[in-house]
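Before any comments, here is the structure.
Atoms within each ligand, like the ligands themselves, are counted from 1 in listed order.
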Amino acid sequence: MSPSPSPVPLAGRLAKLPPYLFAEIDKQKREARARGADLIDMGIGDPDLPTPPHIIEAIKRSAETPANHRYPDYEGLLSFRTAVADWYRARFGVTLDPQTEVLTLIGSKEGTAHMPLAFVNPGDAVLVPDPGYPVYAAGTWFAGGEVHWMPLKRANGFLPDLDAIPADVARRAKLMYLNYPNNPTAAVASKEFFARVVDFARRHQVIVCHDAMYSELRFDGYRPPSFLETPGAMEVGVEFHSLSKTYSMTGWRIGFCSGNAGAIAGLGKIKTNVDSGVFQAVQEAGIAALTGPQDLPEQYRRTYQERRDVVVAGLKRLGWEVDVPKAAFFVWAPVPGGLDSRTFASRMLNEVGCVITPGVGFGPSGEGFYRIALTIDAKRLEEAMDRLRGLKL
Ligand SMILES: Cc1ncc(COP(=O)(O)O)c(C=O)c1O
């Protein structure tokens, strides 16, 4: 029996969403698996490493506490927000008032998606990186805003060219999304770049929404800066963070937004009307994550770094071009052999059983590139690199 259709057609805002470009790959994956193919899936950016045990112990204890069974505080437990402020001070030297400059989120996805509802009116522009995490554009369209794509080019270190933003767009812009370390390009941003962003935001009165959720997946001793370290950043921007990737907690749904108090209050106002906060036991587990032993996250960083090295060495052996990422758990590289990224992904899947993500799925400027997620073990990645030799380009 086929599912019955909705009696009402979908709202126009949903029609704005681009077609789901990974549908074809998903279909080919299902078909290949049905044929019994042993696929090596390097497509999914979801950590395969488990949440550290002390965090699991913390939620077990907190789940027993009746006070945690009630509605949480909308803005998050003050104790969690204080742990965030302490973490910011220790990690970045940034001072935050946990009462007004930190907000608990149901993951950074939720916060980035809701931000335009607080600040964007129909006809306003929002500056969005291309390629990029699709939620920034979706949140903008849902609020009736207009997306202005900022192309991220390899020649420019995958940083947007702020001078290329047309004056009339800059005038109408309310938000600028940025994301470093970046998904999908794994690029990082310097403090000098952030200083130029603050200057732009001041001149054009935009709120900078920096998604820093990969800041702790860093390699070779590199430490990505926080946007909030930049002089003047607290006046113009916020930063989104998450425990999802650093602590392998994607399923737990906890993140936070920090920075400009007015911007945080606006986002908080949306949230009080659409959600009721994060289960307090999850927030207490989040405190255990931020304040507890950091040896496992450190070990996880080393694991991702080893995997990165396997992939980079494997691609180089084939003579394929690749930049060595300093952070985030992705390798982003130009498609070899002059193929478009979808054809390449499809041939990888069908000819050698390797799943990668075609760059165009992250936006038109992603064409010509592909992404490998380092979320499977090194042995399987070695095997994938061996299999790639069989691909005749
Ligand atoms: C750039 C970026 N931002 C946000 C998210 C969402 O993360 P969270 O689990 O914190 O909602 C992801 C998830 O992959 C991401 O890649």
Measure the CG-CZ distance between L14 and F142 for me, rounded to the nearest 0.5 Å.
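The distance works out to 5.0 Å.
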For ligand 1, which is the ligand I care about here, please tell me if E110 has any N or O atom under 3.5 Å from one of the ligand's N or O atoms.
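Among all N and O atoms of E110, none is under 3.5 Å from an N or O of ligand 1.
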Any N or O of N179 that comes nearer than 3.5 Å to an N or O of ligand 1?
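No: no nitrogen or oxygen of N179 is under 3.5 Å from one in ligand 1.
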Nearest atoms (heavy-atom pairs only) where A201 meets V236
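Looks like CB-CB, 3.8 Å.
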At a 4.0 Å threshold, what atoms of ligand 1 neighbour a non-hydrogen atom of [X]?
X    : answer
K109 : 6 (C), 8 (P), 11 (O)
D211 : 1 (C), 2 (C), 3 (N), 4 (C)
G107 : 10 (O), 11 (O)
Y136 : 1 (C)

If we set the cut-off at 4.0 Å for heavy atoms, which region of [X] has an atom near ligand 1: side chain, backbone, both, or neither?
X    : answer
W252 : neither
S108 : both
Y214 : side chain
M213 : side chain

Parallel, tilted or perpendicular, judged at 30° and 60°: which one describes the rings of [X] and [Y]?
X    : Y    : value
F369 : W332 : parallel
Y88  : F92  : tilted
F194 : F227 : perpendicular

Can you tell if the side chain of [X] reaches within under 4.5 Å of the side chain of [Y], non-hydrogen atoms only?
X    : Y    : result
I56  : W252 : yes
N260 : I207 : no
C209 : F240 : yes

Just need the protein heavy atom nearest to [atom], so name the residue and atom and give the distance.
atom                    : value
atom 11 (O) of ligand 1 : R253 NH2, 2.7 Å
atom 10 (O) of ligand 1 : S242 OG, 2.6 Å
atom 6 (C) of ligand 1  : Y133 OH, 3.2 Å
atom 13 (C) of ligand 1 : K245 NZ, 3.4 Å
atom 9 (O) of ligand 1  : S244 OG, 2.6 Å

Would you find a donor on one side and an acceptor on the other, under 3.5 Å apart, between the side chain of T51 and the backbone of S248?
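The answer is yes, because a donor-acceptor pair under 3.5 Å joins these two groups.
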Do the charged groups of D38 and R387 touch, with an N to O distance under 4.0 Å?
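Yes, this pair counts.
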Check if T250 has a non-hydrogen atom at a distance under 4.0 Å from any atom of ligand 1.
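No, that is not the case, since the closest heavy atom of the residue is not under 4.0 Å from the ligand.
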Is the shortest distance from a heavy atom of F256 to ligand 1 less than 4.0 Å?
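Under 4.0 Å: no for F256.
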Pair E24, Q28: side-chain N/O donor-acceptor within cut-off below 3.5 Å:
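Result is yes, a qualifying pair exists.
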